[in-house]
Amino acid sequence: MSDAPPPNAQLNDNAHTSSAANTPFGASGGASPLGRRLPRTFYQRSPRRVARELLGMALLRRDCDGVWCGGWIVETEAYLARGDAASHSAIGPTARNASMFAQPGTLYVYSIHAKYCLNAVTQQSGTGSAVLIRALQPVWGLDRMQQRRGLNTVDRRLTSGPARTCQALDVTKKNDGLDLVEDANFAIVRPRLPFSFKIITGSRIGISSAVDQRLRFFIDGNLFVSGRRREHSKPAVDRLPCAEPPVQSRISIDSTTPSD
DNA sequence: AGTACGATGGCCT
DNA sequence: GGCCATCGTACTC
């Protein structure tokens, strides 16, 4: 799988799919040729940091017949525990968000608009913070994912958006609460190759409160990023106190690699 | 039991 | 860009 596309590849680079490519963990079920599964300590940190560092990792899900599906994570959002009105945890624990308060590395799946979205829980048990995975660059199980999405081509509609990603991977409320660190059929793994890409940060998509916080992270130029793929400087706003930082500081662009 | 509301996406102009 | 189908959840009466 040394020919697996880097997470900043464009669509044409992604067109190859073969049965041989569908072996993200190897036949023995041992170490992944892509790298190793992220340990619990990875998720134990702040959602900001986890969201940023999940970019370029591989999200994988195994179907009941053993076929692996998934791809590179190219877009994430952090949802904080306290002082974040946009976070589901802001109202405290309920039946819906219970798994968001579980141990780090737990999968939190919620339903919205008759669809599903998936998160990785961060920090300590009881904290209530998580990272929403908004988009993948599809790599494994393309046929399977196309079938579930009702598409006959591999284009950005396949996994560009949180609910599209869940439908492609067949993630539903049934999977809520499983452990990404231990589950046999779900995993996030560190890629074997050190990719280099630019990370753009901006405001989160689809929320009405806390819109000024830059808690969305995505890979610059990636075709599968949903929503706004370019962050633009806001025009100067009157009524802004003099102490407000310069407008450009709302947008940060930097080069990182997914390795720590 | 009734209602209002989304961390959305598909389709339309 | 706008419009709205859809349904689980939380909240009100």
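Within every chain, numbering begins at 1; the chains are lettered A, B, ... in the order of the sequence lines, protein sequences first and strands thereafter.
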K.L.:
Expressed as a whole number of angstroms, how long is the span from Phe217(A):CZ to dA7(B):P?
P.N.:
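To the nearest whole Å, that distance equals 19 Å.
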K.L.:
Whole Å only: how far is the CD atom of Glu75(A) from the P atom of dA7(B)?
P.N.:
15 Å
K.L.:
Starting at CG of Asp176(A), measure out to OH of Tyr110(A) and round the result to the nearest 0.5 Å.
P.N.:
12.0 Å
K.L.:
Please check: side-chain N/O of Asn97(A) versus main-chain N/O of His88(A), any donor-acceptor pairing under 3.5 Å?
P.N.:
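At least one qualifying donor-acceptor pair exists.
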K.L.:
Ion pair present between Arg40(A) and Asp179(A), side-chain N to carboxylate O less than 4.0 angstrom?
P.N.:
yes
K.L.:
Measure the distance from NZ on Lys173(A) to C1' on dT8(B) and round it to the nearest whole Å.
P.N.:
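In whole Å, dT8(B) C1' and Lys173(A) NZ are 16 Å from each other.
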K.L.:
Please list, for nucleotides 10-13 of chain B, all pairs of protein and nucleotide N/O atoms separated by less than 3.5 Å.
P.N.:
| from | atom 1 | to | atom 2 | distance (Å) |
| --- | --- | --- | --- | --- |
| dG10(B) | OP1 | Arg149(A) | NH1 | 3.2 |
| dG10(B) | OP1 | Arg149(A) | NH2 | 2.7 |
| dG10(B) | OP2 | Arg164(A) | NE | 2.8 |
| dG10(B) | OP2 | Arg164(A) | NH2 | 2.3 |

K.L.:
What is the distance from atom CE of Met100(A) to atom CG of Leu107(A), rounded to the nearest 0.5 Å?
P.N.:
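The CE atom of Met100(A) sits 12.5 Å away from the CG atom of Leu107(A).
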K.L.:
Please state how far atom CG in Asp176(A) lies from atom C1' in dG8(C), giving the value in whole angstrom units.
P.N.:
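In whole Å, dG8(C) C1' and Asp176(A) CG are 13 Å from each other.
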K.L.:
Based on Watson-Crick and G-U pairs with both distances under 3.5 Å, what dot-bracket line describes DNA chain B 5' to 3', crossing pairs as [ ] and inter-strand pairs as |?
P.N.:
||||||.|||||.
K.L.:
Whole Å only: how far is the OH atom of Tyr110(A) from the C1' atom of dG8(C)?
P.N.:
13 Å
K.L.:
The side chain of His113(A) lies closest to which of these nucleotides: dG9(B), dA7(B), dG6(B)?
P.N.:
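Side chain of His113(A) sits closest to dG6(B).
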K.L.:
Report which part of the nucleic acid Ile112(A) touches: base, sugar-phosphate, or nothing (heavy-atom distance under 4.0 Å, all strands).
P.N.:
base
K.L.:
Going only through I, L, V, M, F, W and Y residues with side-chain contacts under 4.5 Å, is there a path from Val171(A) to Leu59(A)?
P.N.:
yes
K.L.:
I need the CD-C1' distance between Glu77(A) and dT8(B), as an integer number of Å.
P.N.:
12 Å
K.L.:
Give the residues of residues 79-106 of chain A touching DNA chain B, defined as any heavy atom closer than 4.0 Å, sorted by residue number.
P.N.:
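Hits under 4.0 Å, by residue number: Tyr79(A), Ala86(A), His88(A), Met100(A).
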K.L.:
In whole angstrom, what separates Leu158(A)'s CG from dG9(B)'s C1'?
P.N.:
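Those two atoms, CG and C1', are 14 Å apart.
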K.L.:
How long is the span from the CZ atom in Phe224(A) to the OG1 atom in Thr165(A), to the nearest 0.5 Å?
P.N.:
10.5 Å
K.L.:
With Ser129(A) as reference, evaluate Arg48(A), Arg45(A), Gln123(A) under the side chain to side chain donor-acceptor pair (under 3.5 Å) test and give the passing residue.
P.N.:
Gln123(A)
K.L.:
Could you check whether Arg149(A) and Gln167(A), counting side-chain N and O atoms only, form a donor-acceptor pair closer than 3.5 Å?
P.N.:
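Indeed, the side chains of Gln167(A) and Arg149(A) share at least one donor-acceptor pair under 3.5 Å.
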K.L.:
State whether the side chain of Arg61(A) and the backbone N or O of Leu169(A) hold a donor-acceptor pair below 3.5 Å, judged by distance alone.
P.N.:
yes
K.L.:
Would the distance check show the side chain of Arg36(A) and the main-chain N or O of Arg190(A) forming a donor-acceptor pair, the cut-off being under 3.5 Å?
P.N.:
no
K.L.:
Send over the distance from Lys115(A) NZ to dG8(C) P, rounded to a whole Å.
P.N.:
12 Å
K.L.:
Quick check with a 6.0 Å cut-off and a 45 degree axis cone: is Arg228(A) positioned over the face of Phe218(A)'s six-membered ring?
P.N.:
no
